[in-house]
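Remember, it's 1-based here, ligands and their atoms both numbered in the order they're listed.
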Amino acid sequence: MAIAAALREEGFAVTMVGRDPAKLEAAAATVAAAKGPAVRTLAGSVAEEAFLDEVVAFHAAEHGSLDLLVNNAGIAGNRQVGDITADFLDAQLAVNIRAVVLLTAKCQPLLEEAVRQRGRAQIVNTASNAGKRGEATLSSYSATKAAVVGFTEALHDELSTSGIKATAICPGLVDTPMADSYRDAIAASTMITPRDVAEVVRMTTRLSAACIVPEVVLLRPTEWLQPEEVRSAV
Ligand SMILES: NC(=O)c1ccc[n+]([C@@H]2O[C@H](COP(=O)([O-])OP(=O)(O)OC[C@H]3O[C@@H](n4cnc5c(N)ncnc54)[C@H](OP(=O)(O)O)[C@@H]3O)[C@@H](O)[C@H]2O)c1
C-alpha cells in the first residue's frame, strides 16, 4: 500500500493486486483518498497463471502500457530446514519467484510500449536481505529471495539497453504483518517502515533514464553485525 501511495503521488495510475478482496479494497481506498490518478484493483492469487494473464489484460485495457511493474507480493514462514515439506516450499516458490518471473515475462510487451511512448520503463522486485545472506529458519524463503536477486540481475543484463530498468530491493525486517512472528522479541519502532521501502521505489522513478539502481539493501542497525566475539576483539 505504501508503495502504491508513493507512486500515485509521483503521478502514476496504479493497479493493485492481492488475494483478499476486502483487504485489497480497503488498501485501495486509503491510497485513493488523496487526489491523484486512477487506482484500480484486481483480486486473485499471483500463484495462478490464469490470474497473471487477467492482471496483464486488465491493465492493458485500462492503460495500454506499463511504466513500472512492482513485483511485491510475497509469503514467508519460519521452519527449521528438517521440517520443510513440499507444500510449504511449493507455496513460497509459487508466489516469491514463479509469479515474479511469469508476470515480468507477460508484462514485457506493455513495458516496451511504455519505452516507445515515454522513453523508459521499470521493474522493481521486492527481494529481502535474506536473499543476500540466508537466515536460520528462513532457508526456503531465503532461497526464493536469492532467486529474485539473480532474476533481477539477469533482467538488467537483458533489458537495460532497451530502456527497461530493473531494481531489486532487499529490506531487513519491515513493520508489516509478515513481521508478526518477531514482535515478541523486536519492537515495531526498531523495524524498517513500509514508507522506507516506498521511498526507495519513489527514488528510482525520479532518476534520469541513464541512471540505474540495480539493487538496494536496507538494514536495521542490528542486522548483519559481526559476532560479539569479533567485535569485542578489536
Ligand atoms: N515484512 C518484512 O519483514 C519483509 C522483509 C523483507 C522483504 N519483504 C518482502 O516484502 C514484500 C511485501 O511483504 P509484506 O512485508 O508487505 O508482507 P505482508 O504484510 O504479509 O503482505 C504480503 C502481501 O503480498 C500479497 N500476497 C501474498 N500472497 C499473494 C498471492 N498468492 N497473490 C497475490 N497477492 C499475494 C498480500 O495480499 P493478500 O494477503 O490479500 O493476498 C499482501 O499484500 C514481500 O515480497 C516480502 O517477502 C518483507
Side-chain angles (χ1 to χ4, degrees), residues 1-6 14-31 39 41-56 58 69-78 87-88 90-104 123-135 137-149 151-152 167-183 185-201 215-220 222-224:
M1 188 171 74
I3 296 173
V14 294
T15 303
M16 297 171 68
V17 164
R19 289 164 302 180
D20 179 342
K23 205 167 82 176
L24 183 61
E25 287 313 319
T30 304
V31 171
V39 179
T41 58
L42 204 58
S45 174
V46 296
E48 306 293 334
E49 187 177 8
F51 179 66
L52 299 178
D53 289 327
E54 209 184 311
V55 171
V56 175
F58 180 83
L69 168 64
V70 182
N71 284 305
N72 186 60
I75 56 172
N78 297 86
D87 284 354
F88 181 82
D90 288 347
Q92 291 185 5
L93 289 169
V95 176
N96 294 359
I97 183 60
R98 181 177 180 271
V100 172
V101 175
L102 285 178
L103 187 58
T104 302
I123 301 160
V124 172
N125 296 325
T126 309
S128 169
N129 74 331
K132 300 295 294 177
R133 188 178 291 205
E135 293 180 21
T137 78
L138 284 175
S139 57
S140 53
Y141 177 78
S142 300
T144 63
K145 293 301 188 176
V148 172
V149 170
F151 177 62
T152 311
T167 304
I169 302 182
C170 306
L173 197 63
V174 184
D175 185 11
T176 69
M178 190 177 279
D180 284 352
S181 59
Y182 297 93
R183 290 192 191 281
I186 300 175
S189 60
T190 70
M191 295 182 191
I192 294 165
T193 67
R195 173 82 186 271
D196 292 328
V197 179
E199 289 303 322
V200 172
V201 179
E215 186 176 288
V216 180
V217 179
L218 306 174
L219 296 180
R220 301 168 53 250
T222 53
E223 286 170 337
W224 289 10

Check your understanding: Taking C-beta and beyond as the side chain, do E215 and C170 meet within less than 4.5 Å on heavy atoms?
Key -> yes

Review point. Side chain, backbone, both or neither: which part of D175 has a heavy atom under 4.0 Å from ligand 1?
Key: neither

Review point. Are S140 and Q92 linked by a side-chain donor-acceptor pair shorter than 3.5 Å?
Key: yes

Review point. Is ligand 1 less than 4.0 angstrom away from at least one heavy atom of Y141?
Key: yes

Review point. Touching ligand 1 at all, C170? Heavy atoms, strictly under 4.0 Å?
Key: no

Review point. For atom 21 (O) of ligand 1, is some protein heavy-atom partner under 4.0 Å away?
Key: no

Check your understanding: Counting only non-hydrogen atoms of the protein, does one fall under 4.0 Å from atom 10 (O) of ligand 1?
Key -> yes

Practice item. Search all heavy atoms of D175 against all heavy atoms of A188 and return the closest pair with its distance. Key: OD2-CB, 3.7 Å

Practice item. Determine whether any heavy atom of A76 lies closer than 4.0 Å to an atom of ligand 1. Key: no

Exercise for review: Among all protein heavy atoms, pick out the one at the shortest distance from atom 5 (C) of ligand 1; state its residue, atom name and that distance to 0.1 Å.
Suggested key: G172 O, 3.1 Å

Check your understanding: With a 4.0 Å cut-off on heavy atoms, does A27 reach ligand 1?
Key -> no

Check your understanding: Who gets closest to atom 24 (O) of ligand 1 by heavy atom: A43, A22, A73, P21?
Key -> A73

Exercise for review: Tell me which protein heavy atom sits closest to atom 3 (O) of ligand 1, plus the residue, atom name and distance to 0.1 Å.
Suggested key: V174 N, 2.8 Å

Check your understanding: Do the side chains of L173 and M191 get nearer than 4.5 Å, heavy atoms only?
Key -> yes

Practice item. Could you tell me whether ligand 1 has any atom less than 4.0 Å away from a heavy atom of K145? Key: yes

Review point. Applying a strict 4.0 Å limit to heavy atoms, is L173 in contact with ligand 1?
Key: yes

